[in-house]
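This report concerns only the one structure given below.
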Amino acid sequence: MGKGVCVCQSEKFKQLEQIIAEQKGQPGSLIPVMHDAQELFGHLPLEVQAAIAEGLDVPLADVYGVATFYSKFTLQPKGKFQINVCMGTACYVKGSQLILDKLAEMLQISVGETTADGIFSLDATRCIGACGLAPVMTVNNQVYGQLTVESAEKIIQEYLLRARRDINANL
Amino acid sequence: MEKVTLTIDGRSVTVPKDYTVLKAAKQLNINIPTLCYLRDINQIGACRMCLVEVKGARSLQASCTLPVAEGMEVKTNTPLLRQTRKTILELILSDHNRECTTCVRSKNCELQSMARQFGIKDIYFKTKLSPSKVDDLSPSIVRDQSKCILCRRCIAVCHEVQGVGVIQATNRGFHTTVEPAFGLSLNEVACINCGQCIQACPVGALKEKDDTEKVWQALADPDKHVVVQTAPAVRIALGEEFGLPPGSLVTGKMVSALRLLGFDRVFDTDFSADLTIMEEGTELINRIQSGGKLPLITSCSPGWIKFLETYYPDMIDNLSTCKSPQQMMGAVIKTYYAQKAGVDPGQIYSVSIMPCTAKKYECERPEMNSSGYQDVDAVLTTRELAQMIQQVGIDFVNLEDGTFDSPLGESTGAAVIFGTTGGVMEAALRTVAEVLTGQEAENIEYHAVRGVEGIKEASIQIGDLHLKAAVAHGTGNARKLLDRIRSGEGDYHFVEVMACPGGCATGGGQPIHTATEKMSTDFRKVRGQALYEADGQLKLRKSHDNPEIKKIYEDFLEAPNSPKAHKLLHTHYNKRDLYPVNKCN
């Protein structure tokens, strides 16, 4: 945690306390609370998991066990643009691994990580049901099909330019 | 309980309706192989070794979770089952770090014996081992993931029995590992160092921090005066490491072995257990008479202390300020003994042999230095001592009986029973009753606080005082008892808690037995009984009758709870963080 105001004083933590208070004592409340917490924070860091453990009176190790078991939960903050490259059979045979490798190299992160500036996160995903367009990737909810290494790289470049424009506009 | 009759391997058996097939088979002396099963603790069908064929069932069934049913027909030994079990075993072995020759659990490993039992000669599944790590940051417990077979016995003990729950299965599929949250070290989370996970582990994935090398070095150093103390529960378990039956009392052989290893003085923690009773008994009387904080809760068990500091910090003031017998002895060795023997305390290297892994952590607590030095320098478990004895080639079983050195070697029966649940309570009552009434008590055995029931209660009439007492063992039971006290439902003067189920007799540092042995023997009972027998054989059975205790107060400590006694024999406690998170409040 950084210096200054403690994270547990933040507005989001107050909302989390509210979520916990509403669901506490209900059987099976752990996963719904974790789900809401991830919506709220974007990911489930130690401080958030500890607050859930304390609030629901379950061991922290159990919260962490659930968080790492289900792929929907993430411990890392996701980027503004979440890139998912499909590793389903059709996409894979059409070379999606090469695309994934190229994007990792271009963004200088490993699969599952987020860039230091918080703009991109990169993940491999299972079949998304768009095999006819293989190889496929998604950026947030936008689907891109019939990719090549070059076209995928170009698409991400455009997102990067867009992100930079947004940043400059806000300066 | 309603009974049902079923057939196992063509033989009929009638058992209560709530039995599992595994348990019913045991009645017929059929031992179905198991790895993840641990009686009363872990019955989850995870390892699949205990599969059986059930007539009419679509697939093979895990017998450890399968309830019996009327007319059920079970087969435990068929070609399909043998082949399936072998395949499962090979799959487990294919991702197990098979460095058996250098493993602490070699010859006492359930996986190793099972591989031998099944005649596994080659492993069909060739694979690279999963990435794994060793966590050796805790002063008590070392975790080696490369040996872990994901049976989850440690998880069940930590959660269900101890109510701690700092380890869990994380990630999924082939990436599953057992570890604390966020891959932290046991030393960074709210582990209480009890070592019950080590007792549960079928393989070498969990072991104590090995401190034998430090002790060997001290023994070899001519400038060091190396003294040793031995806890009550070591003497009834050490023999098991040398093939003697569980609960064999080997006090004399243990003392002789320690002399042969080269210790300059062999003292008995039982002496400081008597000292603890003098201090804690006095504290109890004072608190009752002066309206102090009650209930007074015992403080001999360092795992328990850490548990309360972490999980019930609001009750710190209920804890006795007495140090544990180990630490009292440590402080007395480097002051009283050093003066008497004319030895420079700076040259004393003080070792203790404990049935406990938390004691390793306790001796490193920063406040444990009232002698002006670290009071206890190294702690070895019963297992580590056995290893040292084996290393030297001592013929332990045929050793002559030795006797402890004076002046810290004399003890009473009250001290011996410290090693089992209820023992500290009983020892304290023997002294408190006589101090309060000024008369010799007729009956000094308090059977209400004996036995392995999780929480025991007793009311004892001592003169005008109607003393209410409670005993809990295993921190899971302690949690229940503390909740009762917190809510006002439980109202007591005096409470004894030991972190480990059964007390020190089955502590985390004691000889390890397999799940199969634990299925037929309750080691808490057998070893506890051995301690009560040892107590019964002694002439002196009350701490205040110990002549060396009288002498240490006359010559050195003045009186129980005197300022000097307080400085050396008492301590304080700290609230501990439950989560590894910095918080502003």
Side-chain angles (χ1 to χ4, degrees), chain A residues 1-14 16-17 20 25 30-31 33-34 37-38 41 43-77 87 110-114 123-126, chain B residues 44 46 131 135 143 145 150 152 154-192 197 307 310-313 475-476 479-480 482-483 486 576-585:
Chain A
M1 278 186 303
K3 293 185 181 99
V5 179
C6 173
V7 67
C8 61
Q9 291 291 336
S10 73
E11 193 55 42
K12 281 183 179 175
F13 263 86
K14 284 178 190 149
L16 177 61
E17 275 172 24
I20 291 168
L30 178 59
I31 289 176
V33 167
M34 289 173 68
Q38 178 152 304
F41 290 89
H43 68 300
L44 297 171
L46 174 58
E47 291 77 11
V48 171
Q49 291 193 31
I52 294 171
E54 189 171 19
L56 296 179
D57 196 20
V58 293
L60 174 62
D62 287 7
V63 180
Y64 181 77
V66 171
T68 55
F69 184 86
Y70 292 106
S71 55
K72 271 287 171 196
F73 293 124
T74 173
L75 306 185
Q76 304 292 330
M87 287 288 128
S110 301
V111 177
E113 289 181 351
T114 303
D123 286 288
T125 180
R126 292 179 189 171
Chain B
I44 58 170
D135 169 16
R143 297 180 60 254
Q145 288 178 348
L150 303 175
R152 292 160 170 80
C154 55
I155 298 173
V157 164
C158 191
H159 286 247
E160 311 305 329
V161 180
Q162 295 300 68
V164 171
V166 289
I167 43 173
Q168 186 51 276
T170 67
N171 297 300
R172 69 191 297 173
F174 202 67
H175 303 289
T176 306
T177 50
V178 175
E179 59 184 354
F182 290 86
L184 291 166
S185 163
L186 275 181
N187 209 32
E188 297 169 299
V189 295
C191 167
I192 62 164
C197 54
F307 182 88
T310 310
Y311 296 89
Y312 291 82
T475 42
R479 200 182 257 280
K480 288 179 203 149
L482 290 195
D483 287 342
R486 240 187 200 169
R576 285 173 198 279
D577 291 335
L578 183 49
Y579 304 108
V581 177
N582 300 316
K583 281 177 95 172
C584 53
N585 48 5

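These numbers were taken from a predicted model, which means no experiment stands behind them. Chain letters run A, B, ... following the sequence lines, proteins first, then strands; residues in each count from 1.
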Top contributor to chain A interface from [options] [non-hydrogen pairs under 4.5 Å]:
{"options": "B/Ala169, B/Ala181, B/Gly165", "result": "B/Ala181"}
{"options": "B/Leu184, B/Thr170, B/Asn171", "result": "B/Asn171"}
{"options": "B/Cys158, B/Pro180, B/Gly173, B/Pro580", "result": "B/Pro580"}

Query - Backbone of A/Leu44 reached by a side-chain donor or acceptor of A/Gln49 within 3.5 Å - result: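 Here the side-chain-to-backbone pair exists.
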
Contacting region of B/His175 [heavy-atom separation from chain A under 4.5 Å]: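 It is neither, since no heavy atom gets under 4.5 Å.
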
Would you call the rings of A/Phe41 and A/Phe13 parallel, tilted or perpendicular if under 30° counts as parallel and over 60° as perpendicular?
->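 If you compare the ring of A/Phe41 with that of A/Phe13, the planes turn out perpendicular.
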
Next item on the list: Would you mind telling me which of A/Leu75, A/Val66, A/Asp62 has the largest number of heavy-atom pairs within less than 4.5 Å of chain B?
Entry: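 Greatest number of close heavy-atom pairs with chain B: A/Asp62.
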
Exercise for review: Please identify each residue that fulfils side-chain contact (heavy atoms from CB on, under 4.5 Å) with A/Thr114, with sequence neighbours left out.
Suggested key: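 Only A/Ser121 meet the side-chain contact (heavy atoms from CB on, under 4.5 Å) criterion with A/Thr114.
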
- Task: Mind checking side-chain contact (heavy atoms from CB on, under 4.5 Å) for B/Asp135 and listing every partner two or more places apart, or none if nothing turns up?
- Result: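 So B/Asp135 forms a side-chain contact (heavy atoms from CB on, under 4.5 Å) with B/Leu137, B/Arg143, B/Ser185, B/Leu186.
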
Got more than 12 heavy atoms from elsewhere within 6.0 Å of CZ, B/Arg486?
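Enclosed.
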
**Study point:** chain B contact via A/Ala53 - side chain, backbone, both or neither, heavy atoms under 4.5 Å
**Key:**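 Looking at A/Ala53, backbone and side chain both touch chain B.
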
